[in-house]
Amino acid sequence: MSQKIKIRLFVATPLIEQTSVSLDEAPSHYLIHVMKAKIGDPLLLFNAECGEFLAVIKTISKKNVSVSLERQTRQPLSSPDVWLLFAPLKKDQTDFVIQKATELGCAKIVPVLTKFTITEKTRIERFKAQAIEAAEQSRRLDVPSIDDAVPLTKVLANWDKQRPLYFMDESGNGHDVFSIFGAARIAKENKAALLIGPEGGFSDDELALLRSLPFARGVSLGPRILRAETAVAAALSCWQALVGDWTSAHDESL
């Protein structure tokens, strides 16, 4: 990608070469007031369905920007079908989780409420905005979906048993991450979910429930106790390195 093109925006509307697109209020405000964009400036627009396109600013009004789509720069490419389930944390820590999960290629994010969850406040619209911003900065072509918060017991009761659930077990009884995710790679699993508990860990009852489920597997992230947000980044990194799209090289040049 050309280093000269510094602006990259997610748009939900269809993108077609040699057509014009009128941007919504939020991206228009960003271009006008934050980036101080001018007519003729280049930018990249993307979404999961259409891929990424080189565009040029065509008109600028007080509250609206329209662009001309010049050419497609990248074909649509979905992230691996791995979900993240996590217990909401304090504001800044949850922000970190949303951002890093997006950067690390998570397809879906589900806040879950556990016995020791420290907050039940979930600002889904804020989470979605942060995910979009992280996708723009990390060159993702898709944006993870984000569900409303739901009790862990309800999630497990309605679980798709064809999707393996890997829960990070800090009790010392989890299997090492290399053997568990390595087996998933050998089995060519095409979907999975990673569950990270709250700062206080899972309760004894929650651990007993998880261990009783045939689709759930306990994973250890090593001998040290990690903060919840650190565990998110570590677990997703290990998954992507051993099973996900870090194992494949993609040509992303323009």
Side-chain angles (χ1 to χ4, degrees), residues 1 8-10 46-48 52 77-114 116-150 152 155 163-170 174 177-178 180-181 184 191-202 219-222 224-248 250 252:
M1 179 184 297
R8 186 172 185 270
L9 298 176
F10 167 81
F46 73 96
N47 59 46
E52 181 184 80
L77 177 66
S78 297
S79 297
D81 189 10
V82 57
W83 298 359
L84 170 68
L85 283 64
F86 80 103
L89 305 164
K90 294 178 181 178
K91 180 181 176 182
D92 290 346
Q93 294 165 313
T94 296
D95 290 350
F96 179 92
V97 167
I98 299 298
Q99 293 162 5
K100 301 314 169 189
T102 302
E103 292 175 23
L104 289 166
C106 179
K108 184 176 182 179
I109 300 173
V110 184
V112 295
L113 306 178
T114 68
F116 299 136
T117 297
I118 61 175
T119 179
E120 295 187 2
K121 294 181 179 179
T122 52
R123 302 172 176 85
I124 300 302
E125 292 308 313
R126 174 186 172 86
F127 296 169
K128 291 179 179 179
Q130 290 177 329
I132 288 173
E133 182 176 349
E136 291 171 345
Q137 294 176 348
S138 64
R139 295 189 65 208
R140 270 188 76 155
L141 290 174
D142 56 349
V143 177
S145 61
I146 303 179
D147 285 0
D148 291 325
V150 61
L152 175 61
V155 171
R163 179 179 295 274
L165 174 65
Y166 299 95
F167 63 96
M168 303 306 114
D169 187 350
E170 62 184 23
V177 66
F178 185 84
I180 289 291
F181 288 170
K191 59 182 180 180
L194 310 181
L195 170 60
I196 314 295
E199 288 291 356
F202 295 111
V219 179
S220 170
L221 290 176
R224 290 165 293 278
I225 301 298
L226 304 180
R227 294 175 64 94
E229 66 270 26
T230 306
V232 167
L236 279 169
S237 296
C238 289
W239 174 267
Q240 292 289 35
L242 294 171
V243 188
D245 59 7
W246 288 10
T247 61
S248 301
H250 299 285
E252 295 183 343

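Side-chain atoms are counted along with the backbone in the values below, which use heavy atoms only and exclude waters and symmetry mates. Treat the numbers as computed from the prediction; the structure is a model and nothing was measured.
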Chemist: Is there side-chain contact between V232 and F96, with at least one heavy-atom pair below 4.5 Å?
Modeler: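 No, side chains not in contact.
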Chemist: Scan side-chain atoms only and decide if R140 and S79 contain a donor-acceptor pair under the 3.5 Å cut-off.
Modeler: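 A donor-acceptor contact under 3.5 Å links the two side chains.
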Chemist: Find the distance between OG (S237) and CD (E103) and round it off to the nearest 0.5 Å.
Modeler: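 CD of E103 is found 10.0 Å from OG of S237.
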Chemist: Quick check for you: to the nearest 0.5 Å, what is the distance between E52 atom CD and L9 atom CG?
Modeler: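 If I round to the nearest 0.5 Å, the distance is 11.0 Å.
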Chemist: Heavy atoms only: give me the nearest G105-V82 pair and the separation to one decimal.
Modeler: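 It is O-CG1, 4.2 Å.
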Chemist: Quick one: pull up CD1 in I124 and CG in D148 and give me the separation to the nearest 0.5 Å.
Modeler: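 The distance works out to 5.0 Å.
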Chemist: Quick check for you: to the nearest 0.5 Å, what is the distance between D95 atom CG and R123 atom CZ?
Modeler: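 One finds 9.0 Å between CG of D95 and CZ of R123.
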Chemist: Within the side chain of Q99, is there an N or O that forms a donor-acceptor pair under 3.5 Å with the backbone of A134?
Modeler: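 No, Q99 side chain to A134 backbone: no donor-acceptor pair under 3.5 Å.
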Chemist: Quick check: closest heavy atoms across E170 and G201, and the distance to 0.1 Å?
Modeler: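 In terms of heavy atoms, the two residues are closest at OE2-CA, 3.5 Å.
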Chemist: For the side chain to side chain contact (heavy atoms under 4.5 Å, CB included) test, which of T117, I98, T114 pairs with F86?
Modeler: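 Testing F86 for a side chain to side chain contact (heavy atoms under 4.5 Å, CB included) against T117, I98, T114 leaves exactly one candidate, I98.
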Chemist: Can you find a heavy atom in the side chain of L152 that is under 4.5 Å from one in the side chain of F202?
Modeler: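 A side-chain contact under 4.5 Å exists here.
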Chemist: As an exercise, state the distance from SG of C238 to CD1 of I180, rounded to the nearest 0.5 Å.
Modeler: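 Result: 12.5 Å between the selected atoms.
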Chemist: Do you know the tightest heavy-atom contact between Q240 and W246?
Modeler: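 Closest pair (atom of Q240, atom of W246, distance): O-CB, 3.1 Å.
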Chemist: Does F178, at its CZ atom, have more than 12 non-hydrogen atoms belonging to other residues, nucleotides or ligands within less than 6.0 Å?
Modeler: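 No, because the 6.0 Å sphere around CZ of F178 holds 12 heavy atoms or fewer from other groups.
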Chemist: Tell me whether the count of non-hydrogen atoms from other residues, nucleotides or ligands lying under 6.0 Å of NZ in K191 goes above 12.
Modeler: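 More than 12 within 6.0 Å, yes.
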Chemist: Hey, are the side chains of F127 and I109 touching, using non-hydrogen atoms and a 4.5 Å cut-off?
Modeler: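 Side chain of F127 against side chain of I109, heavy atoms only: no contact under 4.5 Å found.
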Chemist: What pair of heavy atoms forms the shortest contact from C106 to P144, and how long is it?
Modeler: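 Where C106 meets P144 most closely, the heavy atoms are O-CB, 3.3 Å.
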Chemist: Side chains of E125 and K128: does their closest heavy-atom pair fall under 4.5 Å?
Modeler: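 Yes. Closest side-chain heavy atoms under 4.5 Å.
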Chemist: Look up atom CG in L195 and atom CH2 in W83, then write down how far apart they are to the nearest 0.5 Å.
Modeler: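 Result: 13.0 Å between the selected atoms.
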Chemist: Check D169 against G174 and note the closest heavy-atom contact, atom names and distance.
Modeler: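 Minimum heavy-atom separation between D169 and G174: OD2-N, 3.7 Å.
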Chemist: Does K90 pair with E199 as a salt bridge, N-O distance under 4.0 Å?
Modeler: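 Between E199 and K90 there is no salt bridge, as every charged N stays at least 4.0 Å from the carboxylate O atoms.
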Chemist: Below 4.5 Å, heavy atoms only, C-beta onward: do I196 and L84 meet side chain to side chain?
Modeler: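 They are in contact (side-chain heavy atoms under 4.5 Å apart), so the answer is yes.
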Chemist: Side chain of S145, backbone of K108: donor and acceptor closer than 3.5 Å?
Modeler: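 No, the answer is negative, given that no donor and acceptor are paired below the 3.5 Å cut-off.
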Chemist: Working note: D81 + R163, criterion side chain to side chain contact (heavy atoms under 4.5 Å, CB included); need CA distance, chi angles, decisive distance, verdict.
Modeler: CA-CA 10 Å; D81 189 10; R163 179 179 295 274; 2.9 Å; yes
Chemist: Heavy atoms only: give me the nearest W239-A192 pair and the separation to one decimal.
Modeler: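 What the structure gives for the nearest pair is CH2-CB, 3.5 Å.
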